[in-house]
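Okay, structure first, notes after.
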Amino acid sequence: MESHLEKQNRDVLQKSLKEMISTLPKEICWGLREDQYLYQYQGFWLSPPFLQGAFSLRTGTGWLKSLTFATITRTSYNDSTTPLLHTLPHDVVPFLEFDHSQFSTNLHLGIPLLATHLPYSFLPRSIIDSGCKIIYICRDPKDTFVSLYHFIAGHCKSKNAQPIQLDEAFELFYEGVSPFGPYWDHVLGYWKASLEHPDKLMFLKYEELVEDTVLYLKKIAEFMGYPFSSEEQQQGVPENIVQLCSFDNLSGLEVNKTGKHCEGQGNLEMENNIFFRKGKVGDWKNYLTTEMAQRFDQRTMQKLSGSGLSL
């Protein structure tokens, strides 16, 4: 149990972190309540809970979480017993900078998986220098923006707040003012690290994962050190995991239609259903004007110029 001195030290640390964060540049968080800001630190924009978590240690992340979790636990659970049937993917794989650093209830899982939205430059040296593997997934910036906008708009509506207009959010995202943004800088950090350490960091594109999920799942399993055996492949185990973790299957589960993420944690509490919208490649065409799309593409070419990466 935490001693009185440990609690006192933790409280002092939290207070000092809050004071430091209050001095950083800030912007209203995309239409959420007026007291909810994004703060800029080392060129990136983060919300206070994640920023504090970073100091104290979408893009398809939910899908990647479910695929990796189902792969690693395939000998412990089957299609009828996996926790994914009654637990949000974001809850079976806790966040490094938030859940894992603050809530010890996530530690009992005994599964070697953690997630993070943090930029690569924010990761502790203990992670960079360790033998752990990192799998990073990114997406076309246009689809990423549309997905993020609807996610935040859905959260605003659930809190009876008025979300900002899409064109206003577009300008903010374009200028890099978005959660964990600028998006292009975030992607580039992990891309460059994957080139330097391909044995430690696997760089995935959402569009490629959609196009051939079984192929990339096998690559993911191999990279994590949990390869599918010949017998498993003959039995269709990879295909079963892909079906289990498909958008249609996960979005149709009762927990993901009516459950809540971070329940009882104030502004962090979210309806699970806002994590499941469409998952379609190219959905941006239904929301962005030709001019918006062209501006996005120009910014992407500018940001990624000379990196060898295309989105």
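Only this structure's heavy atoms are used, side chains among them; waters, hydrogens and symmetry mates stay out.
For the pair Arg139 and Phe145, the NZ or CZ position fails the cation-pi test of under 6.0 Å to the six-membered ring centre and within 45 degrees of the ring normal. Under the 6.0 Å distance and 45° angle rule, Arg299 counts as a cation-pi partner of Tyr174. A cation-pi arrangement is present between Lys133 and Phe223, with the terminal nitrogen or guanidinium carbon under 6.0 Å from the aromatic centre and inside a 45° cone about the axis.
Not one N or O on the side chain of Gln234 forms a donor-acceptor pair closer than 3.5 Å with the backbone of Glu231. With Thr81 contributing its side chain and Asn78 its backbone, the two residues share a donor-acceptor pair below 3.5 Å.
Applying the ring-ring contact (aromatic ring centres under 6.0 Å, His included) test to Tyr287 and every residue at least two apart in sequence or in another chain returns His150. Tyr216 meets the ring-ring contact (aromatic ring centres under 6.0 Å, His included) test with no other residue; sequence neighbours excluded.
When ring centroids are compared, Phe122 and His186 stay outside the 6.0 Å threshold.
In this pair, Phe173 and Tyr183 present their aromatic rings tilted. The plane angle is within the 30 to 60° band. Note on ring orientation: taking the six-membered ring where Trp is involved, the planes of Phe203 and Trp191 are perpendicular (angle over 60°, cut-offs 30° and 60°).
Around atom CD of Glu211, no more than 12 heavy atoms belonging to other residues, nucleotides or ligands sit under 6.0 Å away. Enclosure of atom NZ in Lys192 is not indicated, since only 12 or fewer non-hydrogen atoms of other residues, nucleotides or ligands lie within 6.0 angstrom.
When each of Asp140, Asp143, Leu304 is paired with Leu311, the side-chain contact (heavy atoms from CB on, under 4.5 Å) condition holds for Leu304 and for no other.
Side-chain contact between Met202 and Lys219 is present, with heavy atoms from C-beta onward closer than 4.5 Å. Tyr120 places none of its side-chain heavy atoms less than 4.5 Å from the side chain of Leu188. The closest side-chain heavy-atom distance from Trp63 to Val210 is below 4.5 Å.
No continuous path of ILVMFWY side-chain contacts below 4.5 Å connects Leu309 to Met301, so the two sit in separate hydrophobic clusters.
Annotation for Phe69 and Thr82: closest pair CE2-OG1, 4.0 Å, computed over non-hydrogen atoms.
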